[in-house]
Amino acid sequence: MPELPEVETTKNSLAPLIGQKVTTVVVHQSSLRWPVPNDLDQLQGQTLLRLERRAKYILAYFGQAGGVEQNIALLHLGMSGSLTLVEPERDLRKHDHVLISFEHIQLRYHDPRRFGSILWLNDNTQTLLSKLAPEPLTDDFNTDYLWQKIQNKTAAIKTVIMDNHIVVGVGNIYATEALFHTHIHPLRPAKSLTLAEVTALTDEIKRILAAAIALGGSTLKDYVNGLGENGYFQQTLDVYGRAKEPCHRCSTLIETIRIGQRASAFCPDCQKFDNPI
DNA sequence: ACACTAACCTGCAAGC
DNA sequence: TGCTTGCAGGTTAGTG
């Protein structure tokens with residue numbers, strides 16, 4: 001599912017909705033990761049004022065045009081979710097769970113696995129945001145910060161950079177790729193990294209996320225942006241999804257192990273555990 | 001505080 | 001051809 005670049009791309013593609021008024025809200029399936037609020041139809045008559053992204057959440061601010069914000073919707077795409085803009089007459093697909101109609105276009109939340117969520121941002125849900133670590137593309141995420149954070153961590157570095165309490169937005173694809181590009185074995189205890197490696201890894205996480213955003217994210221299976229378009233970054237992936245294929249750098253066959261229930265591809269030659277470069 | 005697991009759910013591909 | 005198994009862009013809650 002979407003990692004930070006895909007969520008950012010989705011958010012950006014929904015910009016045409018800003019300034020438009022909601023006409024109707026229809027919920028076909030309210031059983032997502034958490035129940036969809038039964039008063040989501042409060043949005044009817046409200047205007048979408050602005051969109052933001054925090055980690056993998058999209059925040060949609062609604063209210064009266066030119067007036068005060070009334071409701072903030074917190075959207076998460078989980079593993080298989082997507083948000084698309086379609087003509088209201090378009091045939092429904094299976095798993096089109098929530099339809100938010102605007103005057104000339106409809107926003108559809110589609111999510112086969114239903115790991116995503118639609119919530120109001122309120123006192124009950126704000127802890128989902130308040131617990132989040134810094135954004136990787138801001139200066140708050142830097143070498144000194146990551147160095148401090150990992151000093152007592154024996155867990156695998158891959159697990160650590162995917163931990164929302166350390167840094168947000170880095171999922172399985174980009175964690176896997178960033179470790180390959182920095183020659184770091186994914187199972188290395190986080191605290192075993194040198195300062196030089198932490199510097200390289202911090203820089204690489206920023207570089208790869210920015211590069212993926214520039215290409216509209218990665219479409220592996222069903223990810224599309226709000227306009228139904230694919231991303232292209234998957235064409236540049238070096239190790240993710242390439243088990244048993246030759247390493248692009250040294251031709252050694254890529255291996256896959258499981259770390260924290262997630263497949264972790266790496267090159268056993270470029271990413272040595274015992275003799276880090 | 002940290003490390004690790006199970007769980008949420010559907011679809012698809014591989015293996016028998 | 002079918003049935004079973006395992007795996008998939010995430011995250012939280014619960015265990016020790």
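Numbers restart at 1 for each chain; the letters A, B, ... are given by sequence-line order, proteins then strands. Side chains included, hydrogens not; waters and symmetry mates left out as well; all remaining heavy atoms used.
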For [X], give me all partners under salt bridge (Lys or Arg N to Asp or Glu O under 4.0 Å), at least two apart in sequence or on another chain.
X      : result
A:E255 : none
A:K153 : none
A:E177 : none
A:D163 : none

When all nucleic acid strands are considered with a 4.0 Å heavy-atom cut-off, which category describes A:Y174: base, sugar-phosphate, or nothing?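 If one applies the 4.0 Å heavy-atom cut-off, A:Y174 turns out to touch nothing in the nucleic acid.
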If you look at every strand shown and take non-hydrogen atoms under 4.0 Å, does A:T154 touch a base, only sugar-phosphate, or nothing?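 Sugar-phosphate contact only - A:T154 comes under 4.0 Å of backbone atoms but never of a base.
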For A:A178, what residues pass the side chain to side chain contact (heavy atoms under 4.5 Å, CB included) criterion, not counting sequence neighbours?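 With neighbours one apart ignored, the set is A:L201, A:E204, A:I205.
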Residue pairs, two or more places apart or on separate chains, that pass ring pair (Phe, Tyr, Trp, His ring centres under 6.0 Å) and touch residues 125-148 of chain A: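 Ring pair (Phe, Tyr, Trp, His ring centres under 6.0 Å) check on residues 125-148 of chain A returns no pairs.
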Show me the pairs that pass ring pair (Phe, Tyr, Trp, His ring centres under 6.0 Å) and involve residues 98-131 of chain A, at least two apart or across chains.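 Pairs touching residues 98-131 of chain A that pass the test: none.
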To the nearest Å, give me how far apart CG (A:L32) and P (C:dT11) are.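 In whole Å, C:dT11 P lies 15 Å from A:L32 CG.
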Can you measure A:L77 atom CG to C:dG10 atom P for me and round it to whole angstrom units?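 Going from A:L77 (CG) to C:dG10 (P), I get 11 Å.
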May I ask you to check if A:R242 and A:F180 form a cation-pi contact, with NZ or CZ under 6.0 angstrom from the six-membered ring centre and within 45° of the axis?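 No - A:R242 does not lie over the ring of A:F180 by the 6.0 Å and 45° rule.
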Identify, residue by residue, the members of residues 160-171 of chain A with a heavy atom below 4.0 Å from DNA chain C, and return them in order of residue number, or none.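 Correct list: A:N164, A:G171.
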Considering only distance and modelled atom types, tabulate donor-acceptor pairs under 3.5 Å from the side chains of residues 155-162 of chain A, sequence neighbours left out.
{"from": "A:K158", "atom 1": "NZ", "to": "A:N172", "atom 2": "OD1", "distance (Å)": "2.6"}
{"from": "A:K158", "atom 1": "NZ", "to": "A:S264", "atom 2": "OG", "distance (Å)": "2.8"}

Just compare C:dG10, C:dC7, B:dC4 and give me whichever is closest to any side-chain atom of A:R262.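 Minimum distance to the A:R262 side chain belongs to C:dG10.
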If the condition is ring-ring contact (aromatic ring centres under 6.0 Å, His included), which residues does A:Y61 pass it with, not counting sequence neighbours?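 So A:Y61 forms no ring-ring contact (aromatic ring centres under 6.0 Å, His included) with any residue.
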Nearest non-hydrogen partners of A:L193 and A:P189, listed with the distance: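 It is CD1-O, 3.8 Å.
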Just by protein heavy atoms under 4.0 Å, how would nucleotides 6-14 of chain B read 5' to 3' in B, S and -? BBBBBS---
How would DNA chain B look in dot-bracket form, 5' to 3', counting Watson-Crick and G-U wobble pairs with both distances under 3.5 Å and writing | for bases paired to another strand? .|||||||.|||||||
